[in-house]
Asks: 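The structure under discussion is supplied below as C-alpha cells; questions concerning it will follow.
Only heavy atoms go into these numbers, but all of them, side chains included; no hydrogens, no water, no symmetry mates.
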Amino acid sequence: MADPRGFLKHPQRQDRPSRPVPVRIMDFHEVYERQEKGATQTQASRCMDCGIPFCHTGCPLGNLIPEWNDLVWRDQWEEASARLHMTNNFPEFTGRVCPAPCETSCVLGINQPAVTIKQSEVEIADTALQSGYVEPVLPSRLTGKTVAVVGSGPAGLAAAQQLTRAGHTVAVYERDDRIGGLLRYGIPDFKMEKHLVDFRVEQMEAEGTRFYPSTEVGPDIAWDALRESYDAVVVATGALVPRDLAIPGRSLGGIHFAMEYLVQSNRALAGDDVPDQIHAEGKHVVILGGGDTGADCIGTAHRHGAASVTTLAIGKELPRERPEHEPWPMDPRIFEVSSAHQEGGDVKWLASTVEFLGDENGGVRALRVADTEYREDGSRGPKPGTEKEIPADLILLALGFTGAEQETLDSQLGMEFTSRGAVDRGQDYQTNVEGVFTVGDAGRGASLVVWAIAEGRAAAAKVDEFLEGSTRLPAPVKPTDRAISLS
Ligand code: FAD
C-alpha cells in the first residue's frame, strides 16, 4: 500500500492547480494545469488501501485505485499507467471531465477530505502520453468477424477499441465530420482539449480500427443493410434529442438549444468557418438549466465576452455538502461547482420561465419568470403573482435530453425503445434485433463519459461472446447498474 501513515501525516487535500480566472477566460485552453509530481505523490500517499476499497464500486470502470495510488507514491509511473489502462481505455478523458463518483465513495471521505483520486488518474494519464507509454496494442490474431459501430463518442470508441483488440474487423461510422461525439463537439476545450481525442483516434487507427466520418447511418447507409453487411452492429448514437420549452415566444430570434451554441463554438475553435455563429459577445445571456451543459454555456459565454450571464434553474438549490439522507458511500445529489461557476455569472433557483418577450424586430428582449411553487400533489409550476421580467438578448436552452433519435432505427430496423426514450436492451446489451447491441447514452439515457466507456467495454465483451461463443474481455458494468444508492 501507499505510505501506511500517509493519511495521518497529510490530512489536507490538495487539488490540481487552476489558471487564474481573469487569465483563463481570455482563451479556451484548459483551466487546470499539471500538478507538480511530488504533490501528486503526497496526495496519493493518503490512500489507505482499505480492506474493502469502496472506490472500486463507486467507479463504473472498477478502476484499481489503491494499486495505482501506491505506484504513484513509489514513483513508478509506467506501471501505474499499465494498471490504469487495464480498466480504462481513455483515462485522460475521465481524469479531466469525470465528476469522480470514486471520490464520494472513498473510505477516507468518512471523516477527512477524500483522496484526490481523479488527480492521480489525470497525472498518470498525462505522464503516460508525454513519456510514450501509450502505444497501439495489436490483436494477436484476427477472427475474420466484422463489427460496425455507429457513433464515435466515448461509448463507441471504447467498444470499437476492445473489439479490435479482440481480433475483430471494426468499422466506426460517424455522421459528424470529426470523430469523438460529445467529447469533440459538446464538451468545451477549456474542460478538455481536442488533441487528446486526436491522439486516441490515431492510436486506434494504428491498431486497425477503421473510421468513416461524415457518414450517417439511416440516410447514407440503411440500418438493415448495415446489419446484413456486418456480423454484429453496435448502436452508440448517444441521446442527443434536446428537451424544448414550448411556451409563448419560443420562435423569437436569439433563443437556441445549448448544443447549437456549444457545437458552433467548438467548430470555430477547431478552425472551421461558422457563418452566422451564435455568439455571446456584448449580450445579456440567460441560460435555462443548471446542469453540466448549462455550466459549459456559462464558461463559453464568458470567453465570448458576454455583458452578463444568468442561469435560471427551475428547482430548489442543491446542497453543496453531502446531505444526511445520502450518507457515505452513496453518490449524493449535490451542486457540482464547476470551474465555469467560479468564473462569474448569477444563478437564480426556483425560477420558472413562463414566456419569452420579443422586440419589434422579432428578436428576444426578455423572459417573464415566476417563482417555482411545489404543490401538494407533488407537481411544481409557476406561482401566480410572482412574475417579473429578466432582460436577455441571447437565451440558451440547457434543459437536458429526451433520449435517442429513433426515426430510422425504427423504420429500417424495427428497433424498440423504452418509455424514457432509450434504445431497449437486455442484460447482454442486445436490442430486440438479433446481433444489434446498444451502449452509452443511446441505451442508458444522457449520462457521463465514465459510464459510456464502462458500457463500451462491457458491451464489447457481450458482442465478442455473441460472435465467438466465449470471451476474455472484461465486462465492468451491466445495463441496469447505477451509482451506489439506497433504493
Ligand atoms: P455521444 O458522445 O453523444 O456520441 C454519439 C455520436 O453518435 C455522436 O458523435 C453522433 O454524431 C453520432 N451519431 C448519432 N446518430 C448517428 C447515425 N445515425 N450515424 C452515425 N453517427 C451517428 N459527461 C461527463 O462525464 N463529464 C462532463 O463534464 C460532461 N460534460 C458534458 C457537457 C455537455 C455539453 C454535454 C451535452 C454532455 C456532457 N457530458 C459530460 C455527458 C457525456 O458527454 C455523455 O454522457 C457521453 O459523451 C455519452 O457518450 P456516447 O458515446 O454514448 O454518445
Side-chain angles (χ1 to χ4, degrees), residues 7 11-13 15 43 46-48 50-63 65-66 69 94-95 97-121 239 243 289-296 311-342 347-351 372-380 398-401 420 422 441 444-455 476-487:
F7 68 101
Q12 299 304 327
R13 181 184 158 105
D15 283 296
Q43 290 298 308
R46 298 178 67 237
C47 177
M48 302 187 294
C50 344
I52 300 174
F54 279 79
C55 53
H56 282 198
T57 34
C59 173
L61 289 159
N63 275 343
I65 293 159
N69 272 330
T94 43
V97 302
C98 189
C102 53
E103 293 189 10
T104 52
S105 55
C106 167
V107 175
L108 189 58
I110 296 174
N111 64 347
Q112 271 196 35
V115 176
T116 52
I117 299 170
K118 184 170 156 178
Q119 176 55 28
S120 288
E121 179 179 36
R243 181 169 288 114
D292 260 347
T293 308
D296 290 348
T311 301
L312 302 183
I314 193 170
K316 293 178 186 155
E317 181 169 1
L318 290 171
R320 310 257 161 159
E321 303 284 333
R322 179 191 286 284
E324 269 182 20
H325 66 276
E326 290 177 309
W328 176 91
M330 288 172 65
D331 195 20
R333 274 199 79 224
I334 54 173
F335 182 62
E336 299 278 351
V337 182
S338 73
S339 65
H341 294 117
Q342 295 160 353
V347 184
K348 293 189 194 308
W349 301 93
L350 291 172
T372 306
E373 72 173 357
Y374 284 81
R375 302 173 186 128
E376 274 180 16
D377 63 0
S379 67
R380 65 182 181 189
L399 301 164
F401 299 86
R420 298 171 68 91
D441 282 7
R444 168 169 282 270
S447 180
L448 294 171
V449 170
V450 68
W451 280 104
I453 299 174
E455 283 209 357
V477 285
K478 292 196 213 57
T480 43
D481 283 349
R482 293 276 172 246
I484 302 171
S485 78
L486 289 179
S487 55

Asks: Between the side chain of D296 and the main-chain N/O of T293, is any donor-acceptor distance below 3.5 Å?
Replies: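 No: the side chain of D296 does not pair with the backbone of T293.
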
Asks: With respect to I65, which candidate in C106, C55, S120 satisfies the side-chain contact (heavy atoms from CB on, under 4.5 Å) definition?
Replies: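 Only match with I65 under side-chain contact (heavy atoms from CB on, under 4.5 Å): C55.
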
Asks: Can you check side-chain contact (heavy atoms from CB on, under 4.5 Å) on E455 and R444, steps first, answer last?
Replies: CA-CA 9 Å; E455 283 209 357; R444 168 169 282 270; 2.8 Å; yes

Asks: Quick check for you: to the nearest 0.5 Å, what is the distance between T311 atom OG1 and W349 atom CH2?
Replies: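 Here the interatomic distance stands at 8.5 Å.
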
Asks: Considering non-hydrogen atoms only, spot the tightest contact between I314 and R380 and give its length.
Replies: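 Reported closest heavy-atom pair: CG2-NH2, 3.2 Å.
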
Asks: Roughly how far, to the nearest 0.5 Å, is CG of D441 from CG of L448?
Replies: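 That separation rounds to 8.5 Å.
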
Asks: I want to check something: taking the side chain as every heavy atom from C-beta on, are P332 and T104 in contact at a cut-off of under 4.5 Å?
Replies: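 Yes, side chains in contact.
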
Asks: Identify the heavy atoms of R243 and F401 that sit nearest to each other, and give their distance.
Replies: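 Shortest heavy-atom contact: NH2-O, 3.9 Å.
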
Asks: Is the backbone N or O of Q43 less than 3.5 Å from a side-chain atom of R13, with the two atoms forming a donor-acceptor pair by type?
Replies: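 Checking the backbone N and O of Q43 against the side chain of R13, no donor-acceptor pair under 3.5 Å is found.
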
Asks: Determine the minimum heavy-atom distance between L61 and I453, stating which atoms define it.
Replies: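 Taking every non-hydrogen atom into account, CD2-CG2, 3.8 Å.
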
Asks: Donor-acceptor pair, R320 side chain versus F335 backbone, under 3.5 Å?
Replies: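 Looks like no, no N/O pair under 3.5 Å.
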
Asks: Please name the pair of heavy atoms, one in P476 and one in D481, separated by the smallest distance, quoted to 0.1 Å.
Replies: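 Looking at all heavy atoms of both residues, the shortest contact is O-OD2, 4.4 Å.
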
Asks: Check P101 against P60 and note the closest heavy-atom contact, atom names and distance.
Replies: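 Closest heavy-atom pair between P101 and P60: CG-CD, 4.2 Å.
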
Asks: Testing the basics here: between Y374 and G315, what is the closest heavy-atom pair and its distance to 0.1 Å?
Replies: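 For Y374 versus G315, the nearest heavy atoms are OH-CA, 3.4 Å.
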
Asks: Just verifying a value: how many Å separate I117 CD1 and N63 CG, rounded to the nearest 0.5 Å?
Replies: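 If I round to the nearest 0.5 Å, the distance is 9.0 Å.
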
Asks: Go through it in stages, so that I can follow the logic: the residues are Q119 and D15, the test is side-chain contact (heavy atoms from CB on, under 4.5 Å), and I'd like the CA-CA distance, side-chain angles, deciding distance and then a yes or no.
Replies: CA-CA 7 Å; Q119 176 55 28; D15 283 296; 5.5 Å; no

Asks: Could you go through the side-chain contact (heavy atoms from CB on, under 4.5 Å) check for W328 and V107 one step at a time?
Replies: CA-CA 8 Å; W328 176 91; V107 175; 3.6 Å; yes

Asks: So do the side chains of I334 and E321 get within less than 4.5 Å of each other, counting heavy atoms only?
Replies: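 No, their side chains stay 4.5 Å or more apart.
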
Asks: Any chance you could measure T116, atom OG1, to R46, atom CZ, to the nearest 0.5 Å?
Replies: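 So the gap between those two atoms works out to 7.0 Å.
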
Asks: Enter the distance from R333:CZ to L318:CG here, rounded to the nearest 0.5 Å.
Replies: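 Spacing of CZ (R333) from CG (L318) equals 5.0 Å.
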
